[in-house]
Amino acid sequence: MQHFALEQALNYLIQTGAINLKPLDNKTIRFSLKDLPLDVNFICTNNRIFVVSDTSQHSDVNISLSAGVFFALFKGEDLTDLLRQDKIVIHGDVKIAQLLVDILQSVDIDLEEVLSQYTGDIVAHKAGKIAKNFKQAVQNSSNPIDTIKDGLSKLMITPVVSKLYKNKHH
Amino acid sequence: MDNTTHFGFKDVATEDKQNLVRGVFDSVASKYDLMNDVLSFGAHRLWKRYTIASSNVKTGDKILDIAGGTGDLAIAFRKKVGESGHVILSDINAAMLGEGRKNLINKGIFGVDFVQLNAQFLPFADNTFDCVSIAFGLRNVTDKDQALAEMHRILKPGGCLLILEFSKTDSEFLKKFYDFYSFNVMPTLGDLIADDKESYQYLAESIRKHPDQETLKNMVLDAGFGFCEYHNLSGGIVALHKGIKV
């Protein structure tokens, strides 16, 4: 379930026109983290991205990297530099990998705004607080994925609270 | 060839199951939403909310909700696809479809089409829909493989199938509690609230006869979907399967 928020964010950006998915149409790109149980396919099709844990089918490009490099990539680290340093392994068309990485790096979003579309303002505000604390939490945590999971678990539980709050106050 | 299938824990002639299921839903239609709220402690609303959020449905999409009953998913889909989109609420049961129509009108939701259909024979052209959903309906379908193949056929390439259904929990504690609850409490509540013990006994039995998460995932893949994954909800009591046509 940890890829749920990422899928939501990416598709929100596609819907708002912030991402052009056409160059990646009908491409499947697999991201595998060597040191963590995170192995997902990004399926770009029908003008949307599905992020799924089913990796049994063929993918056009396989990207293999460590968790640390994964986060570095998200923070804007250059893919070519990481390739030169052998910190990332790509099987398949590097250009396609680069296009997906560009998209992932563009997920520099106002998380509150994205989540308010799905969960209401109160939860979105909480998510914003999580997002603000996220960078620091990741730096302090020995397992960044656990940090993400904890944050997402809170988001999955709190919509009920949000709805009750809204009903009481509006 | 064996011409029997299961109806709850009973074996019945394959051609009889459809009528038996119809009888169940004719009986429970008017109290369906109330019973869902009571029996799931309101959790069915959260499961459906998660299903909608997982759908990646966008403005302008075409959606088919199968076994849509009282229209919970159709209402949410209608809001997501907007005026340029198209939502069809379908059900094999006329009484359930009638409740759905009434529910949508009462909520001021228009622009949804209603179609009475059998999930095994979908009256739509190939590659028509961006998303097909079926919530708590697949276990009542006589030939699930045929229904899944039909769903695959009418989805566009890149279309998404969502199956929200009762499933199997791995937790021994939860399993014991759930068994007691579903075979003792549920039929009793069905008797008290809907004056229909048998239908809720069938509900409990049909859940046990439904394929588990991995089996259903393989059925979805066998139907032609390129990818399928599932997410357990409430400890696996319910699972959302998501298939993607490539």
Side-chain angles (χ1 to χ4, degrees), chain A residues 1-17 19 21-22 24-30 39-60 114-120 123 152-153 155-164 167, chain B residues 41-63 76 79-82 84-85 127-131 155-162 213-214 217-218 220-222 224-234 236 239-246:
Chain A
M1 214 178 274
Q2 61 265 43
H3 47 269
F4 176 79
L6 180 58
E7 185 181 81
Q8 299 290 292
L10 288 167
N11 285 294
Y12 176 77
L13 290 176
I14 293 167
Q15 171 116 20
T16 56
I19 289 178
L21 204 59
K22 277 200 176 136
L24 283 174
D25 198 25
N26 294 322
K27 299 287 185 228
T28 299
I29 300 116
R30 180 173 174 179
D39 193 359
V40 291
N41 267 328
F42 289 78
I43 306 161
C44 308
T45 181
N46 198 21
N47 198 28
R48 64 204 78 195
I49 297 180
F50 294 99
V51 187
V52 299
S53 56
D54 179 0
T55 53
S56 58
Q57 304 293 316
H58 165 78
S59 50
D60 298 290
V114 172
L115 289 167
S116 68
Q117 306 293 316
Y118 303 99
T119 59
V123 177
L152 289 177
S153 298
L155 293 177
M156 290 305 295
I157 291 164
T158 40
V160 179
V161 177
S162 171
K163 200 169 181 183
L164 288 174
N167 289 341
Chain B
F41 307 106
H44 76 101
R45 294 177 186 276
L46 286 176
W47 300 330
K48 288 169 184 167
R49 191 173 184 154
Y50 181 70
T51 303
I52 297 290
S54 298
S55 68
N56 288 337
V57 160
K58 302 161 77 166
T59 307
D61 277 358
K62 289 188 80 171
I63 317 289
K79 289 173 185 167
K80 281 186 87 87
V81 303
S84 57
N127 308 321
T128 300
F129 293 95
D130 296 287
C131 179
L155 274 168
K156 292 177 186 170
C160 177
L161 168 67
L162 298 164
Q213 288 91 329
E214 278 298 318
K217 178 184 170 180
N218 288 328
V220 171
L221 291 171
D222 288 345
F225 287 85
F227 296 90
C228 182
E229 68 173 4
Y230 61 84
H231 294 159
N232 284 333
L233 306 171
S234 301
L240 174 65
H241 282 72
K242 188 168 167 179
I244 297 157
K245 179 175 176 177
V246 292

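Order of the sequence lines sets the chain letters (A, B, ...), proteins ahead of strands, with each chain counted from 1. Just so we're clear, the structure is a prediction, and the values are computed from it rather than from any experiment.
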Legend entry - Separation of B:Y230 OH from A:S53 OG (nearest 0.5 Å): 8.5 Å
Inset, instruction - Select one option (side chain, backbone, both, neither) describing which atoms of B:I52 are under 4.5 Å from chain A's heavy atoms. - result: neither
Legend entry - Proximity breakdown for A:I43 and chain B, heavy-atom pairs closer than 4.5 Å: side chain
Inset, instruction - Could you tell me which non-hydrogen atom of A:I14 sits nearest to which non-hydrogen atom of B:K58, and how far apart they are? - result: CG2-NZ, 3.2 Å
Legend entry - Reported CD1-to-CD distance for the pair B:I244 and A:Q57, which is rounded to 0.5 angstrom: 11.0 Å
Legend entry - Closest approach of A:D54 to B:E229 (non-hydrogen atoms, all atoms of both residues): N-OE1, 4.1 Å
Legend entry - Closest non-hydrogen atom pair between B:S55 and A:F50, with its separation: O-CE2, 4.3 Å
Legend entry - Part of A:N47 within contact of chain B (heavy atom distance under 4.5 Å): both
Inset, instruction - Indicate the atoms forming the closest heavy-atom contact of A:R48 with B:D130, along with that distance. - result: NH2-OD1, 3.9 Å
Inset, instruction - Could you tell me which residues satisfy salt bridge (charged side-chain N to carboxylate O under 4.0 Å, His left out) with B:K242, sequence neighbours excluded, listed by chain and number? - result: A:E7
Inset, instruction - Sort A:T28 into side chain, backbone, both or neither according to what part of it lies under 4.5 angstrom from a heavy atom of chain B. - result: side chain
Legend entry - A:D25: partners by side chain to side chain donor-acceptor pair (under 3.5 Å), with sequence neighbours left out: none
Inset, instruction - Please look at A:V40 and chain B and tell me whether the side chain, the backbone, both or neither of the residue comes under 4.5 angstrom of a heavy atom of that chain. - result: neither
